[in-house]
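Beneath this line is the structure, given in structure tokens, with notes to follow.
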Amino acid sequence: MPNIETTAQSNFITDIIDSHNQNGRFAGRVHTRFPPEPNGYLHIGHAKSIMLNYGMAQQYGGKFNLRFDDTNPTKEEQEYIDAITEDVRWLGADWEDRLFHASDYFQQLYDWAVQLIKQGQAYVCDLSAEEVREHRGTLTEPGRPSPYRDRPVEENLDLFERMKAGDYADGSRTLRARIDMAAPNLNLRDPVMYRILHAEHPRTGGAWCIYPTYDWAHGQSDSIEGITHSICTLEFEDHRPLYDWYIQALGIHAPQQIEFARLALTYTLMSKRRLLKLVNEGIVSGWNDPRMPTLSGLRRRGVTPQALRDFTERIGVAKNNSVVDLALLEYSIRQDLNQHALRVMGVLDPLKVTLVNYPEDQVDWLDAVNNPEDPTAGTRQVPFSRELWIEQDDFREVPPPKYFRLTPGREVRLRYGYYIKCVDVVKDADGKVVELLCTYDPETRGGNAPDGRKVKSTIHWLSAAHALPAEARLYDRLFLTENPDDVPEGGNWMDNLNPHSLEVRPCYVEPSVADAPPGSRYQFERLAYFCVDPDSTPDKRVFNRTVALKDEWAKVQSRQ
RNA sequence: UCGGGGAUCGUCUAAUGGCAGGACAGGGGACUUUGAAUCCUCUAAUCAUGGUUCGAAUCCAUGUCCCCGAGCCA
């Protein structure tokens with residue numbers, strides 16, 4: 001497994017860990033974990049959590065566990081367990097031999113529940129779900145005790161054992177902690193510890209028909225694993241007193257829970273429920289659609305774990321609710337790909353160029369640099385001939401101000417090729433430019449003029465006879481608005497879906513990419529970064545646009 | 001309304017009583033065989049009002065606004 005490098009972070013979490021290390025609370029130990037529920041795919045918000053947990057363990061020479069919080073068999077599936085495992089591994093967070101499941105602790109949890117019953121701190125409650133809700137009170141009014149709250153210990157023990165034995169129907173009884181029905185923190189108003197669920201569990205099968213609630217299982221799972229710092233999101237802040245209560249009642253190792261603000265991104269949805277809806281309604285092709293913020297989607301899109309690590313370090317961590325600009329993610333993706341992606345030439349919107357003074361059947365193989373940022377990437381040869389493709393965008397019959405590219409009578413450089421000059425324009429019956437007639441200067445092979453004359457721009461090109469046809473999938477943000485929930489009265493987030501989030505179009509690429517396997521990442525020079533899609537075949541190569549290059553010309557144009 | 005959190009450039013995040021800093025975004029420039037990358041540069045913030053202090057983003061008081069919480073979900 002590739003260990004990712006993390007740079008030392010300093011934030012409110014390291015402050016807390018530092019103080020623990022000074023006062024000896026955990027004897028200098030740092031042990032974190034990532035505790036996903038296998039009810040969906042991981043997204044970039046989880047990447048923040050994973051990097052945080054794994055990063056803290058790395059930074060302090062501690063340990064990191066992966067644990068599935070699989071306490072609800074009605075929502076969880078093996079497919080998700082497999083996908084999550086793959087995603088965490090891909091990110092590079094190494095759990096070594098510490099892959100656990102809350103279900104590993106079902107027996108221990110049961111025994112501890114019995115202990116609480118014996119201590120008079122838990123009881124079997126016969127109230128229905130609705131009655132429990134009625135007894136709970138409201139945010140401003142205290143709750144009322146359940147009529148079963150003061151059952152004798154022996155009766156509780158007997159009832160609980162029969163719950164486990166399967167004597168009762170789903171929902172007919174629960175085991176509840178006996179805390180304080182008047183607590184202002186609703187989590188302390190006798191929370192449910194066990195519910196009856198005659199459901200098959202992906203790991204324990206039919207062994208259990210009572211399942212611990214998350215609140216009952218989570219803190220003890222951390223305790224069992226010797227977790228020192230339970231890093232989680234803000235919404236669990238007022239569950240912390242409950243977890244601490246359980247731990248104290250049981251007299252077991254007490255981790256420190258630390259809450260941080262989850263990641264939100266502009267133009268992006270992070271809710272698993274809504275992502276599932278996009279999948280189920282066929283709005284995207286699946287959890288790994290390259291437009292999805294899922295780790296599998298980002299991976300298919302061409303984003304690297306290194307880029308995500310860089311991103312999570314840049315956004316930092318705090319307790320403010322915040323929304324990160326998608327442009328920052330794109331920046332991290334570009335800076336990583338710029339260092340590592342091989343350069344090739346591809347033409348998305350071809351315009352034919354014929355070099356009138358170039359011999360009919362001649363082919364010239366020219367040296368091209370694979371990656372100017374990385375000399376060790378070497379060079380390759382690209383074929384050059386009389387008929388070429390260039391980008392429509394790189395020619396204007398009537399150039400706007402500040403336009404540097406090809407126009408009638410103007411000379412430009414073909415990247416790693418020759419200087420060419422446009423001498424004539426061929427149009428169809430509608431007056432549309434369909435072909436350019438150009439001359440090339442044989443003295444400028446490789447792209448330099450011996451007489452030292454300069455050109456205003458360098459454009460990319462392909463030898464028409466050698467270009468490989470391919471499919472480009474051009475992705476754009478899934479939503480039109482920064483906040484997908486920003487809708488007028490009566491509308492909903494689905495109204496903000498970007499109808500043009502995917503544009504599929506034929507394109508041409510240079511022959512050097514012919515055998516690139518899925519996952520190969522390239523920069524199509526002057527255009528964007530692309531990644532070979534798993535749908536790619538030798539007959540039809542498919543390229544996903546990861547992210548476009550920054551485009552200064554587009555800015556100039558938009559201001560004109 | 002009760003409890004728990006939070007408020008610093010457009011965005012994210014530092015400053016832990018002592019020059020409000022960095023990154024992204026935006027503007028300007030240099031360089032350029034990618035209008036990329038790189039480099040330089042500029043714009044731009046302490047929720048409000050009082051108080052304590054030589055000195056307050058930081059401490060105190062009052063207020064305002066935002067988020068989370070009434071699943072047998074996590």
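Per chain, numbering begins at 1; letters A, B, ... match sequence-line order. The figures here come from the full heavy-atom set of this structure, side chains too, leaving out hydrogens, waters and symmetry mates.
Within the 4.0 angstrom heavy-atom criterion, only backbone atoms of the sugar-phosphate kind lie near Ala318(A); the bases stay farther away. At the heavy-atom level, Lys402(A) lies under 4.0 Å from base atoms of the strands shown. At a threshold of 4.0 angstrom between heavy atoms, the contacts of Leu127(A) include nucleobase atoms, whether or not backbone atoms are also involved. Within 4.0 Å of Thr74(A), counting heavy atoms only, lies no atom of the nucleic acid at all. Within 4.0 Å (heavy atoms only), Glu237(A) reaches sugar-phosphate atoms of the nucleic acid but no base atom. If you check every strand for non-hydrogen atoms under 4.0 Å, Gln523(A) touches a base. If you check every strand for non-hydrogen atoms under 4.0 Å, His239(A) touches a base.
Comparing the same atom, P, in G26(B) and in G5(B) gives a spacing of 38 Å after rounding to whole Å. Rounded to the nearest Å, the gap between the C1' atom of A48(B) and that of A56(B) is 16 Å. If you take atom P in U58(B) and the same atom in C19(B), they sit 14 Å apart, rounded to whole Å. With both ends at atom C1', the span from G21(B) to A14(B) equals 7 Å, rounded to whole Å. A gap of 44 Å separates the C1' atoms of A37(B) and A74(B), to the nearest Å. Rounded to whole Å, the P atom of C60(B) lies 15 Å from the corresponding atom of U52(B). For the C1' atoms, the distance from C65(B) to C47(B) is 7 Å, rounded to whole Å. Across G71(B) and A57(B), the matching C1' atoms stand 40 Å from one another, rounded to whole Å.
Between Arg559(A) and the phosphate of G26(B), there is no side-chain N or O to OP1/OP2 separation shorter than 4.0 Å. Distances shorter than 4.0 Å separate none of the side-chain N or O atoms of Lys550(A) from OP1 or OP2 on U34(B). Taking only side-chain nitrogens and oxygens, Arg133(A) comes nearer than 4.0 Å to OP1 or OP2 of G71(B).
Straight-line distance from the CZ atom of Phe404(A) to the P atom of A36(B): 10 Å, rounded to whole Å. Computed from coordinates, the Glu259(A) CD to C68(B) P distance equals 16 Å when rounded to whole Å. Separating the CZ atom of Arg262(A) from the P atom of A74(B) is a distance of 15 Å, rounded to the nearest angstrom. As rounded to whole Å, 17 Å separates atom P of U34(B) from atom CD of Glu391(A).
Shortest non-hydrogen contact noted between Val347(A) and Cys507(A) is O-CB, 3.4 Å.
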Test salt bridge (charged side-chain N to carboxylate O under 4.0 Å, His left out) applied to Asp336(A) and Arg521(A), step by step:
CA-CA 11 Å; Asp336(A) 176 53; Arg521(A) 287 177 277 260; over 6 Å; no

Walk me through it: do Arg240(A) and Glu259(A) pass the test salt bridge (charged side-chain N to carboxylate O under 4.0 Å, His left out)? CA-CA 9 Å; Arg240(A) 178 161 26 93; Glu259(A) 307 88 4; 2.7 Å; yes

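Of the residues near RNA chain B, Ala327(A) and Trp553(A), the one whose nearest nucleotide (by heavy atom distance) lies more toward the 5' end is Ala327(A). Looking at which nucleotide of RNA chain B each of Asn321(A) and Glu130(A) is closest to, the 5′-most match is held by Asn321(A).
Here the side chain of Asp238(A) is nearest to one of G3(B), C12(B), A74(B), namely G3(B). Among the nucleotides A14(B), U34(B), G5(B), the one closest to the side chain of Leu549(A) is U34(B). Between G71(B), A74(B), U34(B), one nucleotide has an atom nearer to the side chain of Pro372(A) than all others, and that is U34(B). Closest approach to the Lys319(A) side chain among A23(B), G6(B), A74(B) is made by G6(B) (side chain taken as heavy atoms from C-beta onward). The Asp551(A) side chain lies nearest to G35(B) when the options are A14(B), A23(B), G35(B). Checked against C73(B), G69(B), C72(B), the side chain of Leu186(A) finds its nearest nucleotide in G69(B). Here the nucleotide nearest the side chain of Arg526(A), chosen from G69(B), U34(B), C24(B), is U34(B). Listed candidates were A70(B), G6(B), G35(B). Nearest to the side chain of Glu552(A) is G35(B). Closest to the side chain of Asn320(A), from the set G6(B), C72(B), A36(B), is G6(B). Of all nucleotides listed (G26(B), U13(B), A74(B)), U13(B) comes nearest to the side chain of Ser322(A).
For the side chain to side chain contact (heavy atoms under 4.5 Å, CB included) with Gln523(A), the lone residue among Arg334(A), Met345(A), Arg343(A), Glu373(A) that qualifies is Arg343(A). A ring-ring contact (aromatic ring centres under 6.0 Å, His included) with Phe384(A) is found for exactly one of Trp461(A), Trp365(A), Tyr416(A), namely Trp461(A).
Evaluation of atom-type donor-acceptor distances gives a pair under 3.5 Å for the side chain of Arg343(A) against the base of U34(B). No hydrogens or angles were tested; on distance alone, a donor-acceptor pair under 3.5 Å links the side chain of Arg405(A) to the base of G35(B). The base of U1(B) lies outside donor-acceptor range of the side chain of Glu141(A), with no N or O pair under 3.5 Å.
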Show me the donor-acceptor pairs within less than 3.5 Å that the side chains of residues 139-148 of chain A make with the rest of the protein, sequence neighbours left out.
residue: Thr140(A); atom: OG1; partner: Thr138(A); partner atom: OG1; Å: 3.4
residue: Arg144(A); atom: NH2; partner: His135(A); partner atom: NE2; Å: 3.3
residue: Ser146(A); atom: OG; partner: Tyr148(A); partner atom: N; Å: 3.1

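A donor-acceptor distance shorter than 3.5 angstrom exists from the side chain of Thr32(A) to the backbone of Asn53(A), with no hydrogens or angles considered.
Anti is the classification of G10(B), since its glycosidic angle lies more than 90° from 0.
Judged by distance alone, the side chains of Asp215(A) and His239(A) do bring a donor and an acceptor atom under 3.5 Å apart.
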With both pairing distances under 3.5 angstrom for Watson-Crick or G-U wobble, and | for a partner in another strand, the correct string for RNA chain B is .((((((..((((....[..)))).(((((.......)))))....(((((..]....))))))))))).....

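Between Val344(A) and Ser512(A), some side-chain heavy-atom pair lies under the 4.5 Å cut-off.
Qualifying ring pair (Phe, Tyr, Trp, His ring centres under 6.0 Å) partners for Tyr331(A), counting only residues two or more places apart in sequence or in other chains: none.
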